[in-house]
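Reviewing the structure listed below.
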2 protein chains.
Amino acid sequence: MTARRGSVPTMHDVGKLAQVSAMTVSRVLKNDPGVSEATRERVFAAVDRLGYRRNQTARSLRLGGSGMIGLVVTNLANPFYSRLALGVQEVATEHGLRVVLSNSGEQADREPELVDGLVDHQVEGLIVVPAGSRQQHLAAAMRHVPVVFAARPPAGLDTDCVLVEDFHGAREATACLLADGHTRVAFLGNPPALYTGAERLRGFWAAHEEVGIEPDGTLIRQGLTDSATAERATLDLLGQPAPPTALFCTNNRISQGAIRALYKAGTTLPVAGFDNFDLSDVLGLPLTLVSYDADEIGRQAARLLVDRLEHRDGEPPASRRVTVPTHVIRHGAPSGDGPGQAPTGA
Amino acid sequence: MTARRGSVPTMHDVGKLAQVSAMTVSRVLKNDPGVSEATRERVFAAVDRLGYRRNQTARSLRLGGSGMIGLVVTNLANPFYSRLALGVQEVATEHGLRVVLSNSGEQADREPELVDGLVDHQVEGLIVVPAGSRQQHLAAAMRHVPVVFAARPPAGLDTDCVLVEDFHGAREATACLLADGHTRVAFLGNPPALYTGAERLRGFWAAHEEVGIEPDGTLIRQGLTDSATAERATLDLLGQPAPPTALFCTNNRISQGAIRALYKAGTTLPVAGFDNFDLSDVLGLPLTLVSYDADEIGRQAARLLVDRLEHRDGEPPASRRVTVPTHVIRHGAPSGDGPGQAPTGA
DNA sequence: CTGTTAGCGCTTTCAC
DNA sequence: GTGAAAGCGCTAACAG
């Protein structure tokens, strides 16, 4: 029933059955006009009969160009990156390209072999969410194929990249809290070595400067990597002699950890955070979220890549930097202020 | 800086530089012991110097076997499937296999071309979450490569598959609600044409039979496809003359829609549902969830596939069906200061 | 230890 | 309209 090896038909087999040469089969399958209707039909009949499919590997070797692009993300378990992957998929499919997916698990040291492996497989281009700042392997990959960076910028490499408005979004969300009168806003951030971590802290800081408040150093926690560490950091902050009156979290997992900590502590505090997430609207918490279209990052990255592929010959265009816009959404407490919900039904 | 076409070095180039034949280069790169240390070093030097990388496409053509497997999921935006993909990734990487990813978007009619495309690209095997029950294209694919089904079973095809305990999980969760004294449990389900939809309804029904209760037909809503339709259905149920006292939802998106409806309606009702999801523990709702390891579905599927690939020659093993276990987790309403109602409310 | 030959399946080029 | 030859880059099989 399964995969009978040695029985995969080739063009020669099709040709033999249709009483033509392999060359003619090739022409028919390519819709070459210079083939008589009669043989064309015979060939198609033979193709159907044998269940023949062109061997893309052989075509790739002959034609150059595998019809595949590589995508390297840091953590497919994070909805952010799976949406990004979906966006890449979407545009790739539109252009007849297949996506080969790799997951670095945020381990920068594993990234080089993943990238090299993809290059070996003759992907025509790469979209990478770089896990670290050491990027020589990506520079090396760029000598073979175009590389587009997503979500995090290249470190000293001249190539396209797609980012979100990290600074702007963080500043705006923080500003919302400050405008509500908060003067003690805690910062719960991912490692500052990460571009997003640094930029979002910068935005947090800028919002404070704009209103002439100096952030309290005891309220700043960085290096949080997941929901659990964020939860602990939040509980710790809450237990301080001078606790915060609001929280700013730099990503979805950190927001979730903070929210869990508040829940466990039986407290409510206004929370602002980067990234929207499921059910954020039904938590009944005063929530200020920096939302954006994660799919769009992937789509844009794929578009930039496809564009380079289409202009392969000729001078490569100057490298571009695309930014995906953010907007702040606010959810109110159950009976609180903010854009109200519509209690319909019942 | 980018991709200089026409300059990609081949084994011949390396050989020329190292003053050996391409064959010797091939041997060195394969770690063939029959090469003198001297030439070995010269070859490696040349490889480094040119930045040479073996062309996998050419190797695939020569050796047969592309080193890639195909994965087709229905909706990468659903964390369930991205986790599944992650699991596949993980095991594939362990075995030196690359994953080519496709997303059918739950459109059954798009699936055939995706599958065919992957087969054309010479993937060595396929893992598929089938979008529909018409599966001739998968039968056709099976003539080329082994195919493993994930999350949904094959319809009349003899091959491996990995499922969750749909029936058992749904029965158990429903039984929890019934044990709490509920007699009017609503069922909010995905399309019954889907295996999971049918099985989970069966489990819901069985739990009722076990305690001698006949489910009320007016409380059963099927064909829900996303959170929005589930939300509407829930609001509708709540507005009925004889509303339910608890809800059972067949997947994460439906649960979320139902929860949103309850929130908007300002009501609390015990909710049971298939699939765990982020923040389920902090909603302050009486929640009964059928949880399981989605990654594991992907891992198991990949293991079954790899196993078949490793026993390619020789009699193929009989087809296997693996089941990933579920367990029920319960979250309570907030004890003490919560606004929740008693489980048997109304 | 190393090189030569042949061919994986396909398509470009040129001949008929 | 169609076919024969050559070769994409690599490697088994056989020399030497």
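Fair warning: this is a prediction, and the values are worked out from it, not measured in the lab. Any value given below was found using the heavy atoms of this structure, including those in side chains, with hydrogens, waters and symmetry copies removed.
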* **Sequence-distant partners of A:Phe80, ring pair (Phe, Tyr, Trp, His ring centres under 6.0 Å), two or more places apart** => A:Tyr292

Using a cut-off of less than 4.0 Å, is there contact between a side-chain N or O of [X] and OP1 or OP2 of [N]?
X       : N      : value
A:Ser26 : C:dT11 : yes
B:Thr39 : C:dT2  : yes
A:Thr10 : C:dC8  : no
B:Ser21 : C:dT2  : no
B:Lys30 : D:dA12 : yes
A:Arg54 : C:dT11 : yes
B:Ser36 : C:dT2  : yes
A:Arg59 : C:dT11 : yes

* Nearest-nucleotide 5' precedence on DNA chain C, B:Leu63 against B:Pro33 -> B:Pro33

* DNA chain C: B:Ala22 or B:Arg62, which has the more 5' nearest nucleotide? -> B:Ala22

In whole angstrom, give the distance that lies between atom [atom1] of [X] and atom [atom2] of [N].
X        : N      : atom1 : atom2 : value
B:His12  : D:dC10 : NE2   : C1'   : 9 Å
A:Asp32  : D:dT2  : CG    : P     : 10 Å
B:Met11  : C:dT2  : CE    : C1'   : 15 Å
B:Asn55  : D:dT11 : CG    : P     : 9 Å
A:His121 : D:dC10 : NE2   : P     : 14 Å
A:Leu29  : C:dC10 : CG    : C1'   : 11 Å
B:Gln56  : C:dC8  : CD    : C1'   : 15 Å
A:Met23  : C:dG9  : CE    : C1'   : 12 Å

* Quick one: are B:Asp293 and B:Arg299 in side-chain contact, heavy atoms under 4.5 Å? -> yes

* Side-chain touch B:Cys161/B:Leu163, heavy atoms, less than 4.5 angstrom -> yes

* Carboxylate-amine/guanidinium proximity below 4.0 Å for A:Glu106 and A:Arg152 -> yes

* Asked: Of A:Val25, A:Val35, A:Val14, A:Val28, which meets side chain to side chain contact (heavy atoms under 4.5 Å, CB included) against A:Val20?
  -> A:Val25

* Is there a donor and acceptor pair closer than 3.5 Å between the side chain of A:Arg27 and the base of D:dG3? -> yes

* Identify which nucleotide among C:dG9, C:dG3, C:dT12 has an atom closest to any side-chain atom of B:Leu61, counting heavy atoms from C-beta outward. => C:dG9

